[in-house]
Amino acid sequence: MSDFAAPAASDTTDFANPRVAAAAAAAAEAFTAPATAVPAHDANLLRRTYRLMHTAAEMATLFEEEKATASRYVHATARGHEAVQLAAAFLLTGNDYAAPYYRDDALLLGLGLRPYELMLQLLAKADDPFSGGRTYYSHPSLRRAGIPVIPHQSSATGMQAIPATGMAHAISYFEKQGLAIVSLNKSAGWLAEKPLVLCSIGDGAMTEGEVAEALQMAILHQLPIVYLVQDNDWGISATGREMRAMNAYEFAAGFPGLRRMQVDGADFESSHTGLAEAFAHVRARRGPVLVHAKCPLLGHHTSGVRREWYRNDLSTHQEQDPLPRLHQRLLALGVSEEELDGLRAEACTTVRADWAAALAAPNPDPATFADHEFAPPAVTEEAGERSPAGAEKALMVDAALHAVDDILQEFPEALFYGQDVGGELGGVFREAALLAKKYGEARVFNTPIQEAYIVGSTAGMAAVGARPIVEIQFADYIWPALNQLVEELSKSCYLTMGKFPIPALIRLPIGAYGGGGPYHSGSIESTLLTIRGIKVVYPSNAADMKGLMRAAFLDPNPVIMLEHKGLYWSKVPGTEEAKTVEPAAGYVIPLGVAAIAQAADAEQLARGNTALVVTYGMGVHWAKAASRDFPGQIEILDLRTLNPLDFDAVTAATRRHGKVLVLTEEPLMNSFAESLAGRIQRHCFTALDAPVFTLGAANLPAIALNVELEKQMLPSAAKVAVALGELLGY
């Protein structure tokens, strides 16, 4: 049934990675499913396909007829893509995982969802099973017995490739560790038919750089994933000729180790035959597969971008309509016109009845608008021994290392990856030293220079049940990961009504000292704090580092741990107190709880002769050094967590002292520090004896390399002392 070409010698030689080289030899076989395959399907399957094709087509027709209502919220439909989507749906099982894209409503019907359920999402109704009226049509998220697990799906094209590959990565990890994936349909061991991931994507989205990152990792680790590329030769109003130098099948030839296939996406039998071959290949764990399916686009790009505005090829595309083709095939197999009319009428009746029911369904209760910003925290109280008897002092970097070591030892579902954290080095700051040797390369491993994959894959990992700890080498390099952080991680819990929170711990070395220069010294917390749905932690000493690290790992939400490089080793003058007695294993500090790093003297407080410094990270140590010029007069509040913010502690401390300095290492203009100062002024105005002071770095685009220039730009103990003198004398 297969038509394979022998691999060329150039496809199988000279690969440094033997695993990839072996996979490349197999993947070089290029398969094209014939458009008129001898049917491997019984007539009942084709009848079901015909009815569901008509269901999807009737929905598209109805939405157009009712566009005054249906187009209130923008949507796209599968019209023209039904054949390949249904073929994929029929091959998936309840043990699999899937990442559909926004045109895949036929795929969802094939998985067993009712038109009514899809319409609830189209109309943003309360009972929308995916998001409760919070996100667009055909953006599913579902955990339901008998249906593949479908995590949060965003609208950003190409974005799904990385989380989907992360799901496959987690499946592979669980297999290698001999761990069971616990889900609705499996609780122990591995089934004979091993799970896989289907990533559905458009051909235009294949030009995204993040797709290449996903393919690279799928090949490097030989992950169980099928990339189904639906190519209708359009990307909104841009044709394939305008937006790409090659189609996805041709593109895949540049990835040795990735098997590539082509099917006629408008022909159900070609699609089913090719996808069955791809699924069997992946289930046998022979590596990832890319299936390129050519499809006509018969509907609008979306309801908001209408085909009549720019399309001049509709007649050509309509010649490839999969419905008439399947109709003729069924007639040739002996199915009567009368029976086909009955199937079509059944689909029409179902769609119209479901539309009426969906229109009558209730809208969301406005009072629920803020539900599911975060999943409930796992740690709500400090626990464990902070200062065990006889324990020695530890550096911050060692406290972090020991915290991760304890986690990996205790939680087999935990793994740690990023640039240079594996192998011999164990991180450029040695913050992961020896962990790879201790736990093996399946658990602690290096990634390519792919910040988007490092962060975005955690969404897929979490959906399968893994608990990833990842690291971006320097905070300055977080920017390529912002797409994934914003669109996938931050929105998942909220838009899935809590079904898919993402427990991911993301470590970011941050901050400036000693000539790190413009690309290794940045402070970026204000940017991160504009992203809702993530938590941001910033410890200032070893004990807090260990307790907050564990709490961040246990939290069911994305947590970014900002770790100041200048505090890691306590080598910077004035940071000696970052080195503390190391807490015992299991010590935790709840996120969102500030700490008084230094209290004011009671006598000075009674005289009204004190001031408060609100700060975090390196700021704690600048403030401590500066306060020596004002004995007993300065209280220092260490925020420890920037989101959630312990504003109750801030307001209570403000009311105690009446004078406040908010101190940060960031450039001050438009910063978190300025925002916090404004909030203090708004809520504590009557308790203030002076304006809220702020101090931060110079408002410049980068930290200069020269150490003297760096000193001029950054806050320091001396600069803090000047500000405190002015504040106390106000």
Side-chain angles (χ1 to χ4, degrees), residues 35-37 39-67 69-70 75-91 103-123 137-138 230 232 264-272 293 295-300 303 307 314-359:
T36 55
H41 330 288
D42 60 31
N44 286 334
L45 177 60
L46 294 179
R47 287 183 175 93
R48 181 186 176 203
T49 303
Y50 186 79
R51 177 176 56 80
L52 287 173
M53 272 196 195
H54 269 292
T55 301
E58 183 64 24
M59 288 166 64
T61 298
L62 174 67
F63 298 162
E64 184 66 9
E65 291 174 2
E66 301 286 339
K67 62 185 177 185
T69 300
H75 63 269
T77 71
R79 195 67 189 92
H81 293 233
E82 299 95 335
V84 72
Q85 289 184 20
L86 290 171
F90 296 162
L91 290 163
R103 199 176 296 285
D104 282 356
D105 57 357
L107 185 148
L108 297 175
L109 292 172
L111 292 176
L113 287 151
R114 292 175 50 200
Y116 172 71
E117 294 177 288
L118 304 186
M119 292 167 179
L120 289 174
Q121 188 174 46
L122 177 82
L123 298 170
Y137 179 71
S138 199
Q230 299 177 53
N232 58 35
D264 180 354
D267 183 274
F268 177 77
E269 292 178 80
S270 171
S271 296
H272 196 278
C295 306
L297 178 60
L298 302 182
H300 307 293
S303 57
R307 60 190 180 186
L314 280 169
S315 60
T316 302
H317 278 239
Q318 284 164 350
E319 291 172 3
Q320 299 300 313
D321 188 340
L323 259 174
R325 295 173 71 173
L326 182 58
H327 185 97
Q328 292 302 316
R329 181 65 175 146
L330 283 164
L331 290 176
L333 291 174
V335 181
S336 69
E337 283 280 9
E338 184 179 13
E339 183 178 353
L340 295 178
D341 284 345
L343 292 171
R344 186 166 53 245
E346 179 186 345
C348 180
T349 299
T350 298
V351 168
R352 301 285 165 162
D354 282 5
W355 177 251
L359 287 173

>> To the nearest 0.5 Å, what is the distance between SG on Cys348 and CG on Leu343?
In response: 13.0 Å
> If every non-hydrogen atom of Gly80 is compared with every non-hydrogen atom of Cys295, which pair is closest and at what distance?
Replying inline: O-CB, 4.0 Å
>> To check you understand the geometry: which heavy-atom pair defines the closest contact between Arg48 and Gly110, and what is its length?
In response: NH2-O, 3.3 Å
> If every non-hydrogen atom of Leu86 is compared with every non-hydrogen atom of Phe268, which pair is closest and at what distance?
Replying inline: C-CE1, 4.2 Å
>> Val351 vs Met119, test: side chain to side chain contact (heavy atoms under 4.5 Å, CB included). Steps then yes/no.
In response: CA-CA 9 Å; Val351 168; Met119 292 167 179; 3.8 Å; yes
> What residues form a side-chain hydrogen bond (donor to acceptor under 3.5 Å, both in side chains) with Arg352, not counting sequence neighbours?
Replying inline: Glu58, Glu65
> Is there a donor-acceptor pair closer than 3.5 Å between any side-chain N or O of Glu64 and the backbone N or O of Gly299?
Replying inline: no
> side chain to side chain contact (heavy atoms under 4.5 Å, CB included) between Leu298 and Asn232: does it pass, once the steps are laid out?
Replying inline: CA-CA 9 Å; Leu298 302 182; Asn232 58 35; over 6 Å; no
> Has Glu338 got more than 12 heavy atoms of other residues, nucleotides or ligands less than 6.0 Å from its CD?
Replying inline: no
> Should Asp105 and Leu113 count as side-chain neighbours, where that means a heavy-atom distance under 4.5 Å?
Replying inline: no
> Under the criterion side-chain contact (heavy atoms from CB on, under 4.5 Å), which of Thr77, Leu107, Leu118, Leu108 is the partner of Ser138?
Replying inline: Leu108
> Will you find, in the side chains of Gln320 and Asp264, an N or O donor that is under 3.5 Å from an N or O acceptor?
Replying inline: no
> Met53 and Thr49: side chain to side chain contact (heavy atoms under 4.5 Å, CB included), yes or no, with the steps?
Replying inline: CA-CA 6 Å; Met53 272 196 195; Thr49 303; 4.0 Å; yes
> What is the minimum heavy-atom distance between Ala57 and Arg79, and which atoms define it?
Replying inline: CB-NE, 3.8 Å
> Taking the six-membered ring where the residue is Trp, are the ring centres of His272 and Phe90 under 6.0 Å apart?
Replying inline: no
>> Ring-plane angle category for His75 and Phe63, please: parallel below 30°, perpendicular beyond 60°, tilted otherwise.
In response: perpendicular
>> Is any side-chain heavy atom of Arg329 closer than 4.5 Å to one of Asp267?
In response: no
> Which heavy atom in Val84 sits nearest to a heavy atom in Ala293, and how many Å separate them?
Replying inline: CG2-CB, 3.8 Å
>> Run the side chain to side chain contact (heavy atoms under 4.5 Å, CB included) test on His54 and Glu346 for me, step by step, so that the C-alpha distance in whole Å, both residues' side-chain angles and the decisive distance to 0.1 Å come before the verdict.
In response: CA-CA 9 Å; His54 269 292; Glu346 179 186 345; over 6 Å; no
> What distance separates Arg344 CZ from Leu323 CG, expressed to the nearest 0.5 Å?
Replying inline: 9.0 Å
> Is any side-chain heavy atom of Leu109 less than 4.5 Å from a side-chain heavy atom of Pro115?
Replying inline: yes
>> Please give me the minimum heavy-atom distance between Ala347 and Thr55, naming the atom from each residue.
In response: CB-OG1, 3.4 Å
> Say you draw a straight line from CD of Glu66 to CG of Leu123; how long is it, rounded to the nearest 0.5 Å?
Replying inline: 10.0 Å
> Is there a side-chain contact between Leu297 and Arg103, using heavy atoms and a 4.5 Å cut-off?
Replying inline: yes
